[in-house]
Chemist: 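Okay, here's the structure, questions in a sec.
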Amino acid sequence: MAEVLNRAFFDRSTLTVAQQLLGKIMVFGNAAGLITETEAYIGQDDPACHAARGKTPRNAVMFGPAGFTYVYFIYGMYHCLNFVTEGEGSPAAVLIRGLMLIEPSSLHLTGPGKLCRHLGITRDHNGIDIATSPFFYVKDSPFSPDFEATPRIGITKGQEKLWRFVVRG
DNA sequence: ACCCCGATCGTA
DNA sequence: ACGATCGGGGTT
């Protein structure tokens, strides 16, 4: 049986976590699928990171320990799902942008807004500990897919970083 | 209290 | 290329 990814998995370099999450199996309630696209947002020096200008009520969970969800509301109509990485006081997270659904149906969810909308992920799911939650977690998988690194989508600052990772094919 | 703008997406 | 839509956060 594939093991649930523990806190130590997320408590590492955000770039490493973002790359290694590709091909892993995300489980949310009865839904499960392979992660196909991620982006890294890393701390105070990354102008695109919500934590770049310090701790606020919205981004507070990023400043806590790794392995928690960070879900925020954007553009008046969408939610985006992240997993917090690195240790306490080191605010960083991986945005989940693509999920190849396996259960309950086969479907490729492309884009963070569509992904959350389809799964029903909202701000109610902010701050969940995916290292211990029985209904929201990530499982290891035998896949370690080829991927490419590109600029992150939809940002105006920090475009020079190739911190978006997409499974090839 | 106010105002600007955003880690998006569907339509044109 | 652009509009929908509204909460967050910095500024007054």
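We use all heavy atoms of the structure for the numbers below, so side chains are in, but hydrogens, waters and symmetry mates are not. Each chain gets a letter, A, B and so on, in the order its sequence line appears, and its residues count up from 1.
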Chemist: Any ion pair linking A:Glu3 and A:Lys139 (charged N to carboxylate O, less than 4.0 Å)?
Modeler: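 Looking at A:Lys139 and A:Glu3, the cut-off is not met.
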
Chemist: Over how many whole Å does the gap from A:Met77 atom CE to C:dA4 atom C1' extend?
Modeler: 4 Å

Chemist: Rounded to whole Å, please give me the gap between CD1 in A:Ile42 and C1' in B:dA7.
Modeler: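 One finds 13 Å between C1' of B:dA7 and CD1 of A:Ile42, rounded.
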
Chemist: Please find out if less than 6.0 Å separates the ring center of A:Tyr70 from that of A:Phe68.
Modeler: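 No, the ring centres sit 6.0 Å or more apart.
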
Chemist: Nearest whole Å is fine: how far is B:dC5 P from A:Ile155 CD1?
Modeler: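 Interatomic distance, CD1 of A:Ile155 to P of B:dC5: 17 Å.
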
Chemist: In dot-bracket form, how is DNA chain B paired, counting a Watson-Crick or G-U wobble pair only if both its distances are under 3.5 Å and using | for bases paired to another strand?
Modeler: ||||||.||||.

Chemist: Please list each protein N or O that sits under 3.5 Å from an N or O in nucleotides 9-12 of chain B, with the distance.
Modeler:
{"unit_1": "B:dC9", "atom_1": "OP1", "unit_2": "A:Gly111", "atom_2": "O", "d": "3.3"}
{"unit_1": "B:dC9", "atom_1": "OP1", "unit_2": "A:Pro112", "atom_2": "N", "d": "3.2"}
{"unit_1": "B:dC9", "atom_1": "OP1", "unit_2": "A:Gly113", "atom_2": "N", "d": "2.8"}
{"unit_1": "B:dC9", "atom_1": "OP1", "unit_2": "A:Lys114", "atom_2": "N", "d": "3.0"}
{"unit_1": "B:dC9", "atom_1": "O4'", "unit_2": "A:Tyr78", "atom_2": "OH", "d": "3.0"}
{"unit_1": "B:dG10", "atom_1": "OP1", "unit_2": "A:Arg117", "atom_2": "NH2", "d": "3.3"}

Chemist: Both conditions, 6.0 Å and 45 degrees, for the charged tip of A:Arg12 above the ring of A:Phe10: are they met here?
Modeler: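 No - A:Arg12 does not lie over the ring of A:Phe10 by the 6.0 Å and 45° rule.
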
Chemist: Could you tell me whether A:Arg53 atom CZ has more than 12 heavy atoms of other residues or ligands within 6.0 Å of it?
Modeler: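 It does not: A:Arg53 CZ has 12 such atoms or fewer within range.
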
Chemist: Give a yes or no answer on whether the side chain of A:Thr14 reaches the backbone of A:Ala40 with a donor-acceptor pair at less than 3.5 Å.
Modeler: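 It does not hold such a pair.
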
Chemist: Within this structure, what is the CG-to-C1' distance between A:Asn59 and C:dG7, rounded to whole angstrom?
Modeler: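 Rounding to the nearest Å, CG of A:Asn59 and C1' of C:dG7 are 14 Å apart.
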
Chemist: Roughly, in whole Å, what's the span from CZ in A:Arg53 to P in B:dC4?
Modeler: 16 Å

Chemist: Would you mind classifying the nucleic acid contact of A:Leu95 as base, sugar-phosphate or nothing, using non-hydrogen atoms under 4.0 angstrom?
Modeler: base

Chemist: At less than 4.0 Å, is any side-chain N or O atom of A:Thr56 found next to OP1 or OP2 of C:dG9? Yes or no.
Modeler: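 Yes.
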
Chemist: Between atom CG in A:Asn126 and atom C1' in B:dA7, what is the gap in whole Å?
Modeler: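 To the nearest whole Å, that distance equals 15 Å.
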
Chemist: Between A:Arg123 and C:dG8, is there a side-chain N or O to OP1/OP2 distance below 4.0 Å?
Modeler: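 For C:dG8, OP1 or OP2 has a side-chain N or O of A:Arg123 closer than 4.0 Å.
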
Chemist: Say whether, by atom type as modelled, one donor and one acceptor occur between the side chain of A:Thr69 and the main chain of A:Gly127 under 3.5 angstrom.
Modeler: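 Flag set: sc A:Thr69 to bb A:Gly127 pair under 3.5 Å.
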
Chemist: Looking at A:Phe147, does the NZ or CZ of A:Arg168 lie under 6.0 angstrom from its six-membered ring centre and within 45 degrees of the ring axis?
Modeler: no

Chemist: Kindly say whether the aromatic ring centers of A:Tyr41 and A:His50 come within a distance under 6.0 Å.
Modeler: no

Chemist: What is the nucleic acid contact for A:Arg152, judged by heavy atoms within less than 4.0 Å: base, sugar-phosphate only, or nothing?
Modeler: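 A:Arg152: no heavy atom of the nucleic acid under 4.0 Å.
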
Chemist: In this structure, which one of A:Lys157, A:Arg152, A:Lys161 forms a salt bridge (charged side-chain N to carboxylate O under 4.0 Å, His left out) with A:Asp46?
Modeler: A:Arg152

Chemist: Can you measure A:Glu37 atom CD to B:dT8 atom P for me and round it to whole angstrom units?
Modeler: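 Distance check: A:Glu37 CD to B:dT8 P gives 10 Å.
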
Chemist: Are the side chain of A:Lys24 and the backbone of A:Gln20 linked by a donor-acceptor contact shorter than 3.5 Å?
Modeler: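 It does hold such a pair.
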
Chemist: Mind running a 4.0 Å heavy-atom check of residues 64-76 of chain A against DNA chain C and sending the residues that fall below it, in number order?
Modeler: A:Phe73, A:Tyr75, A:Gly76

Chemist: May I have the distance from A:His50 (atom NE2) to C:dG7 (atom P), rounded to whole angstrom?
Modeler: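 Nearest whole value for this atom pair: 16 Å.
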
Chemist: Examine distances only and state if a side-chain atom of A:Asp11 and a backbone atom of A:Gly87 form a donor-acceptor pair shorter than 3.5 Å.
Modeler: yes

Chemist: So, do A:Ile96 and A:Thr38 sit near enough that their side-chain heavy atoms are less than 4.5 Å apart?
Modeler: yes

